[in-house]
Amino acid sequence: MHQSSPSREKSTSFRSEKVDYLINFPTGEMGTVVEINTENELQGRLMGMGLFVGSRFRLIQGGSSSRKPLLLAVGDTRIALGSELGRSILVEK
Amino acid sequence: MHEHHEILVALVGQPNSGKSTVFNHLTGLNQTTANYPGVTVAKKSGHYHDDKRRIEVVDLPGTYSLTSYSQEERVTRDFLLLERPEVVVVIVDAVSLRRHLYLVFQLLELQIPLVVCLNMMDIAERRGIQLNLAALEKELGVPVVPTVGRKGEGFEQLRQQINKVAAENTHAPTDWKIDYGPLEGILVEIEASLAKKEHLVEDFSPRWLAVKLLENDREGRRIIQHHTHDDDWETLLEQAAEKLRRYETETGDSPRKTIAHRRNEKAAAIERIVVQRGKTPVRNSDRIDRVACHPIGGLLCVAAVMLLTFELAFNIADGWDWVPWFGGWTSPVGACEWVFSDALPPIFDSWLRLEEGSDLKSLIDDGIVAGVGGVVVFVPVIFFIFLFLSFLEQSGYIARVVVVLDRWMRYFGLHGQSVLPLILGGGIVGGCAVPAVMATRTMREPRERLLTILVIPFMNCGAKIPVYALLISAFFFSYKSVVMTAIVFLSWSLALLSAWVLGKTFVRGTPTPMIIELPTYQVPQISDVLGTACRQSWWFVKKAGTIILMVNVFLWVMMYYPRPADPNTDAKTQLANSYAGQLGHAMSPVSQYAGFGWRDNVALIGGFAAKEVIVSSLSTIYGIEGADEENAEEAEEAKTEEVVEGQAAKAEEGQIAEDVDTEELDESGQRLAVKLRTEEGWSPLKAFAMLLFVMVYAPCFPTCAVIWKETGAVKYMLLSVVYSTTLAFVLAVAVFQIGCLLG
């Protein structure tokens, strides 16, 4: 089972893997949030759910350029996002 | 407003933290929900007693943070800051401590007397998560109480801790703070200038406000603007903005990001100290979601769950025999019916010594007892529907419904968040438009919110169900669940199409995306589910007892007066000449295109006051006539023609009554159903037109009032009334006319 270890979060800045939008991220893989480009208040809500820059997540459903809703596992939390948000969140493996 | 309390306690927490379970355990049945105050979000409050004091508990709406600007979050923050509860209890999910700390930090920065209730300890344990509570208390500087909401463990301790914090009664600032690193210099400067404003500092922590300003928070600026009595708030804000700009150009980073980053680090640091994790097993929840959230499988699940809910709710309440050997009233519905139609009238008659044929007897028997009874009879159905609905809600499934439907809602200008208010308004079946319209307050985007509000009345609220049940029993009995499912899909289609149409015409703007948490599936607590069902049913009964009774008595007056000058006038003529008859007649030249006669018009007019009224006034209107005919038959044995006719009608009724499954409806429900089947002018076609009309036409008075309050504009209330009534009439006419043409 993929384990998200939150303590590993903050070594993000210079990674060799390519950064891409969440919508293009491969389904089933683990990744790290690099940037969230949404309004302030949406960010507040995302952070309350545990999704912020540096969070480790696993993409359960959606991504791979599909239009399905995005299902993310962030620690013990499961979050569903509208697929259009996949174009506002930058992630890397 | 809290003159009776001795200690005021506020519960705060994220959605799905088990907050309402904690609330239920603390207060038991002593709860009240403010119905629709209009000014503020509906808040649940309750109380309990310790040795000497009364402790008032307010359950604030679930909120992920205090930074964003949804109404719920603002209400929560305003309550905490302005009502000044003696103790604030924040409910934290022990399983995901870290993300809940995000909210805890914001509460700590508000400098309010806080108790952390670490809930769901049992699930944490099961997942191999160990928490060092002493370390957590030390890190946060506030008491931490472990609880298991589902089993009711830890609440004695929580009560003690509440008392302890209340006794200390400190609003004094603690020295707990997050180190914001490079921002600290600016923070201290802004804090110092804010601290000079006395009025401001009375109510708000200057450090919290300073952080708000650095986060560029609109609400923070608003607070400073409204709470500084002199005019130099502008300079204050300008200075802060200047410092912000300088920081941004110097570091190339926005303060907001730095703040968020520092909070995350702090939360991560605390987690490292406090939490020990074992191996995470693959969760059953995820396995279920592979199907339940799947774009196609999920849709099938939603449909299946809906159908199952109807079948079970209807059959348990009204279909299956509970006590098969006990004759007449075997189902809960049958029991209610028996009480109101057979048991109560003779009791009232003999107790009040009512004279046969007097105005008072008619008022009590036909107006009050029959009217209330006709509504109370449906309480079992409503009870069981809410039982299943709250079961689904607590199991966590409703969130999956939102996920599956979101993509499709989007095509119509709505989004995932619209689904919940629509479900509350009766999107599955049963519910109420009033709380549903209020529930749209969580939607920050005015456009989607307005669209959702405008289409909520098309949903099948609890009050429309009795009408459907009546018409289905009378005309579509064999296809009961098929017709109910068709009704649900039809009302969704109409709502969605209307949202699309209204979105292109009256309401404009750009959409906001869906963000929703999928709670772990869990077996719902029976007590919670039962409690919700009871509260909803009780609410329905209360409404039946007040508004509906009033409307019913009013309708009785409309139908009973003016009394004919000649006492021998027969009932038909009397009713036709009554006020209601006159109004119904006046409308019939128009309504006849939909197949509605004047008596149906009377019931539908009543339904504008409250949809519950439709059934009871139908039974009163058709009942009054029937009862008087029977009396006439008994009194006058002459007039052979009439007697023969009456007997023929009775024989026919008897046969149809046998056709109608006797298990399904109680005696008087059956009588009304049979009455409609035999009544001239009633046909399955007309019943279907009536179903459609009732589904769509004008929202009831209370809903109108709430729409007005929530949108802040009479025009949207009028838009709702005019649009829905027009649509309803067009649909009913179309169905009836096309049906007639096709035979």
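Please read these numbers as outputs of a predicted model, since none were measured by experiment.
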So for [X], is it side chain, backbone, both, or neither that comes closer than 4.5 Å to the heavy atoms of chain A?
X: B:Gln14; value: side chain
X: B:Ile516; value: both
X: B:Leu101; value: neither

Quick one: what part of A:Leu46 sits under 4.5 Å from any heavy atom of chain B, side chain, backbone, both or neither? side chain
Select, from A:Thr77, A:Leu71, A:Ile79, A:Leu70, the one with the greatest count of heavy-atom pairs under 4.5 Å involving chain B. A:Thr77
Under 4.0 Å between a Lys/Arg side-chain N and an Asp/Glu carboxylate O for [X] and [Y]?
X: B:Glu109; Y: B:Arg262; answer: no
X: B:Arg410; Y: B:Asp406; answer: yes
X: B:Arg127; Y: A:Asp76; answer: yes
X: B:Arg277; Y: B:Glu271; answer: yes

Tell me, please, which residues at least two apart from B:Pro519 pass side chain to side chain contact (heavy atoms under 4.5 Å, CB included).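 Partners of B:Pro519 under the side chain to side chain contact (heavy atoms under 4.5 Å, CB included) test: B:Asn16, B:Ala399, B:Arg400.
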